[in-house]
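Values below: all heavy atoms of this structure, side chains included; hydrogens, waters and symmetry mates excluded.
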Amino acid sequence: MIPINEMKHILAQSDMASLIAYVETFQPYDLANCVERLEPTEQLELLGLLPPDRSASILEYLEPVLQYRILNELEEAQTSLVLNEMSSDVVVDMMLALHRHQADRLLELLPEIYRRKLQTLMTFPEHTAGSLATIDYIAARSTWTIERTLQHIRKIGHEAEITSYVYVTGNKGELVGVVSLKNIILAEPKTEISEIVTGDVISVPASMEQEEAAELLFRYDLVALPVIDAKKRLIGVITVDDLIDVMQEEATEDIQKLGGSQPLTDTYFKSSVFHLYRKRIIWLLILFVAETYTGTVLRHYEETLSEVIALSFFIPLLIGTGGNTGTQTVSTLVRALAVGEVKFSDIFRVIRKEVSTGLMTGATISLIAYIRALILGVESNIGLVVGITAMAIVIWASFVAAVLPLILHKLKADPAVISGPFITTLVDGTGLIIYFTIAKVLLHL
C-alpha cells in the first residue's frame with residue numbers, strides 16, 4: 001500500500017518531475033487505492049499532473065461515481081485526453097452507471113466514430129457478452145495485404161488491449177476469421193491476409209450470458225473472444241482479464257448463496273450493517289419458519305420418545321450428519337454445474353454416483369454411530385436403530401442434494417439457492433421421520 005502521507009507531501013511540493021518519478025514506481029491498482037484516500041482537491045491535482053495514459057490506467061480501478069467526479073472537474077481538454085486513453089469497456093460501464101445527461105456530456109468529448117461504437121455497446125443488457133466487449137482491438141479487411149495490415153497495426157496497435165491477434169472482416173464488417181500476429185510477421189508482404197486467415201474462429205453473440213462466454217474462453221484456452229451481432233458483424237472483443245473478473249464475481253455470488261444469504265452488491269467493508277442485515281434476514285426468516293416443522297415432527301413422535309428416552313440422545317448427531325452430508329453434495333454439484341461439468345441430462349449418472357458414495361460413507365458412519373451408542377451404555381437394539389438410521393439419513397441426504405440443484409438448473413433457477421442451510425433444514429425434518437419410523441419397526445413401539 002502506498003504511504004498516503006508521503007503522497008500528500010510530494011503533491012504539496014508541486015514538483016511534477018518528482019511526482020511522475022514517484023508514481024511510476026507503483027502499479028495502477030495501488031495508485032487507485034491511494035487516490036481514494038486523498039482529499040478531492042488532491043485527487044484532481046494528482047491526476048491533472050500525470051500524463052493522460054497514466055491517469056486513465058488509475059481511473060479504470062475507481063468506482064464510476066468517483067471516475068465521473070474527477071473527469072467532470074478536470075479541464076475539458078484533459079478530460080477528453082484521459083477518456084480516449086481509457087479502455088472502452090470501462091468507459092461503457094461508467095456511462096451506464098451515470099445519469100443520462102452526465103454520460104452525454106462526457107460522450108461529447110470523444111471522436112464521433114468512437115462515440116457511436118460506445119453507444120452501440122451501451123445498448124446491450126448487463127451481464128451479456130455485448131456489455132463486456134471492448135472496441136480496443138485490431139481488425140483488418142480480408143482484401144488487405146500483409147504489408148498494409150502491418151502498417152495498420154503500427155498505426156493503432158498502441159490503443160489496442162490485445163495485439164496478439166488480428167480479426168479479419170469482410171466488406172460489411174462481418175467476421176471472417178482471425179490471424180495471429182506471429183503468422184502475419186512471418187508471411188510475405190504482398191500476400192493477402194485472406195490467404196492465411198483461420199476461418200473456424202470461435203465467437204459469441206452479443207446476447208450470450210457472460211458466464212457462458214467465460215466458460216467458452218476457458219474451455220478452449222483463449223486469450224480473447226470476438227463478439228458478433230445478429231448479422232455476424234464484429235462489434236467488439238472480450239479479453240481474458242474481463243472474464244476472470246466475471247468468474248470471480250460469479251464464484252463470490254455462489255459462495256454467499258451457499259451460506260444461506262443473498263449476495264452483496266458491494267465489497268464487504270463498503271457494505272453497511274443495515275445492508276448486511278437486509279441481505280441475511282430474509283433467508284434466515286424463511287429457514288426459521290421451515291425449521292418449525294422439525295418441532296412438529298418431534299411433537300408427533302412424542303409418545304415414541306416417552307417410551308424410549310434414550311432415542312433423544314442421538315437426535316442432534318443424526319440430523320447433523322444428514323445436514324453435513326447434504327451440504328457436501330450440493331456444494332460439489334453447484335460448482336460442477338457452474339463450470340459446465342454436469343448437465344441435467346446427467347441426472348441419473350449423478351444420482352448413481354452420489355447414492356453409491358452415500359452407501360459407502362453411510363456404512364462407515366453407521367458403524368461408528370453403533371459403537372458410540374454402546375459406549376453411552378444404551379441397549380444394543382437401540383444402538384442398532386441409531387446405526388441403521390445413520391446410514392439411511394446419509395443416503396437420503398445424498399439423493400436429495402443431488403437431485404434438487406439439477407432440477408433448479410433445468411428450470412433456469414440458480415442452483416446455489418439450494419444452499420447448505422436449506423438442505424440442512426430439509427433433511428432435519430425428514431431425518432427425524434426416518435429415525436422414528438425405524439425405531440418403531442425395530443423396537444416394536
Legend entry - Donor + acceptor pair across side chains of T327, N324 (<3.5 Å):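 Looking only at side-chain atoms, N324 and T327 do not form any donor-acceptor pair under 3.5 Å.
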
So, [X] and [Y], do they make that salt bridge, N to O below 4.0 Å?
| X | Y | result |
| --- | --- | --- |
| R349 | D346 | yes |
| R54 | E24 | yes |
| K190 | E147 | yes |

Verify, without hydrogens or angle tests, whether [X] (side chain) and [Y] (backbone) share a donor-acceptor contact under 3.5 angstrom.
| X | Y | result |
| --- | --- | --- |
| H409 | V334 | no |
| S80 | A77 | no |
| Q43 | V35 | yes |
| R141 | G170 | yes |
| S366 | G387 | yes |
| D30 | F26 | no |
| S55 | L47 | yes |
| T361 | T357 | yes |
| Q102 | H99 | yes |

Does some side-chain heavy atom of [Y] sit less than 4.5 Å from a side-chain heavy atom of [X]?
| X | Y | value |
| --- | --- | --- |
| V342 | L406 | yes |
| S194 | T143 | no |
| K182 | S164 | no |
| S131 | L121 | no |
| L98 | V65 | no |
| L81 | N84 | no |
| T145 | I193 | no |
| I70 | L62 | yes |

Legend entry - Result of checking L71, L59, L66 against M94 for side chain to side chain contact (heavy atoms under 4.5 Å, CB included):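 Exactly one option meets the side chain to side chain contact (heavy atoms under 4.5 Å, CB included) with M94, and it is L71.
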
Legend entry - Partners passing side chain to side chain donor-acceptor pair (under 3.5 Å) against N183 (at least two apart in sequence or in another chain): S180

Inset, instruction - Go through the structure and list residues passing side chain to side chain donor-acceptor pair (under 3.5 Å) with Q328, not counting sequence neighbours. - result: none

Inset, instruction - Mind checking side chain to side chain contact (heavy atoms under 4.5 Å, CB included) for D136 and listing every partner two or more places apart, or none if nothing turns up? - result: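 Here the qualifying residues are S87, S88, Y114, T134, E161.
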
Inset, instruction - Supply the atom-to-atom distance Y137 OH to L234 CG, rounded to the nearest 0.5 angstrom. - result: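 Between atom OH of Y137 and atom CG of L234 there are 4.0 Å.
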
Inset, instruction - Output the distance between atom CD1 (I319) and atom CG (D428), rounded to the nearest 0.5 Å. - result: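 Here the rounded value is 4.0 Å.
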
Inset, instruction - Any chance you could lay out the side chain to side chain contact (heavy atoms under 4.5 Å, CB included) test for I235 and I228, step after step, and finish with the verdict? - result: CA-CA 6 Å; I235 61 170; I228 56 177; 5.9 Å; no

Inset, instruction - Assess whether side chain to side chain contact (heavy atoms under 4.5 Å, CB included) is satisfied between K8 and L38, documenting all intermediate values. - result: CA-CA 8 Å; K8 286 175 177 286; L38 292 173; 4.0 Å; yes

Inset, instruction - Could you please spell out the steps behind the side chain to side chain contact (heavy atoms under 4.5 Å, CB included) verdict for L118 and L110? - result: CA-CA 10 Å; L118 289 178; L110 297 171; 3.4 Å; yes

